[in-house]
Peer 1: 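Shown below is the structure under consideration.
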Amino acid sequence: MQERTVPSDAVLVMNQEFRVNRRCRLDVSVPGASLRLRHGDTEDRVVVSVSVAGCREEDANDVLERLRLSTRQVQDRVYVQADEPSRDADYWRWLRRDGTELFLDLALPPNTDAEISAPSGEIHASGLRGDIDIIAAACPVDVVDIGGSLRITANGEPVSVKEFSGQELQVHSTAAHVFVGDARSDAVGLRASGGRLNVRNVEGSVDIEANGSTVTLIDVTGPVRGDLHASPISLHGTLTADIDLVALGSPITMNVEVDRGAEVRLEGRPVELDRSLPFQGDLETRRAEGTINGGGPLVSLRAVPGTVRCRSAS
């Protein structure tokens, strides 16, 4: 997702600075805004800038009044919030008028714990380290170069996580397309209901639960566990650790490099094992148990019912 830049004709309606310790907490809840969180120039300040585009300069402040946008600080916690507005007919006509956009730019210390909530708009975050929670309903999320712990709950819009490094990465999505790439984490937890889930170049333990999704794993280095319902899954890349997948009503496809070893336990209706793979063991129509290239990480794939395919990657 490409980040939208603030238009040159946007009107700056707020520019506030808060002095904090080297590690601060941030609470943001603003609907309909293009929200950007980034590493600022100083380690002890939070700078909040708000701009409005698509309206006359004299009308720009009316946007803040309509949203009741406010900021405040309690010790090292900074709040940027829009109060719940009255939902009369006039409000909805104003909300849907064409062309008006709200941009929030938050320059933060590198070590920031944040809670972000956005029922609409979009969220971009980069260059931060801390404990970060994002709740996005009908709001695309794009995060790059985040460290520490990151938890995202998303509904209906794309989520992109790139260059994450830290202790915990959790993404829970509903009817959303999710991409996780170039991530290093002790624990990666992915929960998807609908949409697509694409994971590429991830180091760490990966745990997946999917319902009605399409799941693709490419170059995952670390153990993988999956519980899948009506969610086809395919795996590509070098096998380095144990894999345990159970699929209900969907196929499992694994592409194995012919020079890599594995211990395999496959159960499906049917089981399809590529003849070019150097397999030794018991092979039947609905099950296979044995080794490839003399053994290695344990690969347990079970589809009930569904096809289990073990193919040569060459």
Side-chain angles (χ1 to χ4, degrees), residues 171-181 183 187-314:
V171 181
H172 296 185
S173 64
T174 302
H177 298 328
V178 176
F179 174 80
V180 177
V188 178
L190 306 173
R191 309 287 181 267
S193 179
R196 295 192 303 268
L197 177 57
N198 293 323
V199 180
R200 180 187 292 268
N201 191 22
V202 170
E203 292 184 10
S205 177
V206 177
D207 189 279
I208 297 172
E209 292 183 10
N211 191 338
S213 304
T214 300
V215 182
T216 303
L217 306 182
I218 301 174
D219 293 332
V220 174
T221 305
V224 177
R225 190 206 71 86
D227 186 2
L228 307 119
H229 296 258
S231 300
I233 184 171
S234 61
L235 301 94
H236 311 260
T238 302
L239 178 62
T240 61
D242 293 352
I243 296 175
D244 184 7
L245 301 177
V246 178
L248 179 62
S250 54
I252 302 173
T253 301
M254 181 168 182
N255 296 273
V256 181
E257 296 178 349
V258 293
D259 60 346
R260 305 295 295 189
E263 179 183 352
V264 295
R265 298 174 187 171
L266 313 178
E267 181 181 342
R269 299 183 183 178
V271 168
E272 298 177 1
L273 186 63
D274 196 322
R275 293 185 178 181
S276 66
L277 294 172
F279 172 78
Q280 290 183 327
D282 298 326
L283 176 60
E284 301 175 8
T285 302
R286 295 187 176 183
R287 61 178 295 275
E289 185 169 349
T291 62
I292 296 174
N293 275 326
L298 175 60
V299 177
S300 176
L301 310 178
R302 185 160 64 97
V304 189
T307 301
V308 171
R309 301 181 182 92
C310 198
R311 295 173 173 171
S312 170
S314 60

Peer 1: Would you check if there is a donor-acceptor pair between the side chains of Asn255 and His236 at a distance under 3.5 Å?
Peer 2: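 Checked: His236/Asn255 side chains pair up, N/O donor to acceptor below 3.5 Å.
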Peer 1: At their closest point, which heavy atom of Ser213 faces which heavy atom of Pro232, and how far apart are they?
Peer 2: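 Minimum heavy-atom contact is O-CD, 3.4 Å.
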Peer 1: Looking at every non-hydrogen atom in both residues, tell me the closest pair between Met254 and Leu301 and how far apart they are.
Peer 2: CB-CD1, 4.1 Å
Peer 1: Just so I know, are the side chains of Leu283 and Leu273 near enough to count as touching, which here means a heavy-atom distance under 4.5 Å?
Peer 2: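 Yes, close enough: below the 4.5 Å cut-off.
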Peer 1: So Cys310 and Leu277, do their side chains get closer than 4.5 Å, heavy atoms only?
Peer 2: yes
Peer 1: Could you list all the salt bridge (charged side-chain N to carboxylate O under 4.0 Å, His left out) pairs where at least one residue sits in residues 287-305, not counting sequence neighbours?
Peer 2: Glu284-Arg287, Arg287-Glu289
Peer 1: Give the minimum heavy-atom separation between Ala210 and Val215, together with the two atoms involved.
Peer 2: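 Closest approach of Ala210 to Val215, heavy atoms only: CB-CG2, 3.9 Å.
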Peer 1: Nearest 0.5 Å, what's the OG-CD distance between Ser193 and Glu209?
Peer 2: 11.0 Å
Peer 1: Between Thr240 and Val220, what is the shortest heavy-atom contact and its length?
Peer 2: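 Minimum heavy-atom separation between Thr240 and Val220: OG1-O, 4.2 Å.
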Peer 1: Within the structure provided, determine whether Thr238 and Glu257 are in side-chain contact (heavy-atom separation under 4.5 Å).
Peer 2: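 SC-SC contact between Thr238 and Glu257 confirmed.
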Peer 1: Tell me, do Leu248 and Leu228 make a side-chain contact under 4.5 Å, heavy atoms counted?
Peer 2: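 Sidechains of Leu228 and Leu248: no contact.
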Peer 1: Kindly indicate, with the supporting measurements, whether the criterion side chain to side chain contact (heavy atoms under 4.5 Å, CB included) is fulfilled by Leu298 and Arg265.
Peer 2: CA-CA 8 Å; Leu298 175 60; Arg265 298 174 187 171; 3.8 Å; yes
Peer 1: Would Glu272 and Thr307 count as having a side-chain donor-acceptor pair, cut-off 3.5 Å?
Peer 2: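 Result is no, nothing qualifies.
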Peer 1: Got Arg311 and Thr253 here, is their nearest side-chain heavy-atom distance under 4.5 Å?
Peer 2: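 They are in side-chain contact.
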Peer 1: Which value, rounded to the nearest 0.5 Å, describes the distance between Leu235 atom CG and Thr216 atom OG1?
Peer 2: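 Reported to 0.5 Å precision, the distance equals 9.0 Å.
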Peer 1: Tell me if a side-chain donor or acceptor on Ser250 pairs with a main-chain N or O of Ser231 at a distance below 3.5 Å.
Peer 2: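 Yes, the answer is positive, given that a donor and an acceptor are paired below the 3.5 Å cut-off.
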Peer 1: Of all heavy-atom pairs between Ala288 and Phe279, which one has the smallest distance, and what is that distance?
Peer 2: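 Answer, listing the atom of Ala288 first, then Phe279: CB-CZ, 4.4 Å.
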Peer 1: Taking only Lys NZ, Arg NE, NH1 and NH2, and the carboxylate oxygens of Asp or Glu, determine whether Arg191 and Asp207 approach each other closer than 4.0 Å.
Peer 2: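 Answer for the salt bridge query: yes.
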Peer 1: May I ask you to test the Thr291-Val264 pair for a side-chain heavy-atom distance under 4.5 Å?
Peer 2: no
Peer 1: Where do Leu239 and Gly261 come nearest, in terms of heavy atoms and distance?
Peer 2: CD2-O, 3.9 Å
Peer 1: Which atom pairs, one a donor and one an acceptor, fall under 3.5 Å between side chains of residues 194-205 and the rest of the protein, sequence neighbours left out?
Peer 2:
unit_1, atom_1, unit_2, atom_2, d
Arg196, NH1, His177, NE2, 3.4
Asn201, ND2, Asp182, OD1, 2.6

Peer 1: Please tell me if the side chains of Pro278 and Ile292 come closer than 4.5 Å, counting only heavy atoms from C-beta onward.
Peer 2: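 Answer yes - side chains close enough.
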Peer 1: Which distance, rounded to the nearest 0.5 Å, do you find between the CD1 of Ile243 and the CD1 of Ile252?
Peer 2: 10.5 Å
Peer 1: Could you grab the distance from atom CG of Leu190 to atom NE2 of His172, nearest 0.5 Å is fine?
Peer 2: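 If I round to the nearest 0.5 Å, the distance is 8.0 Å.
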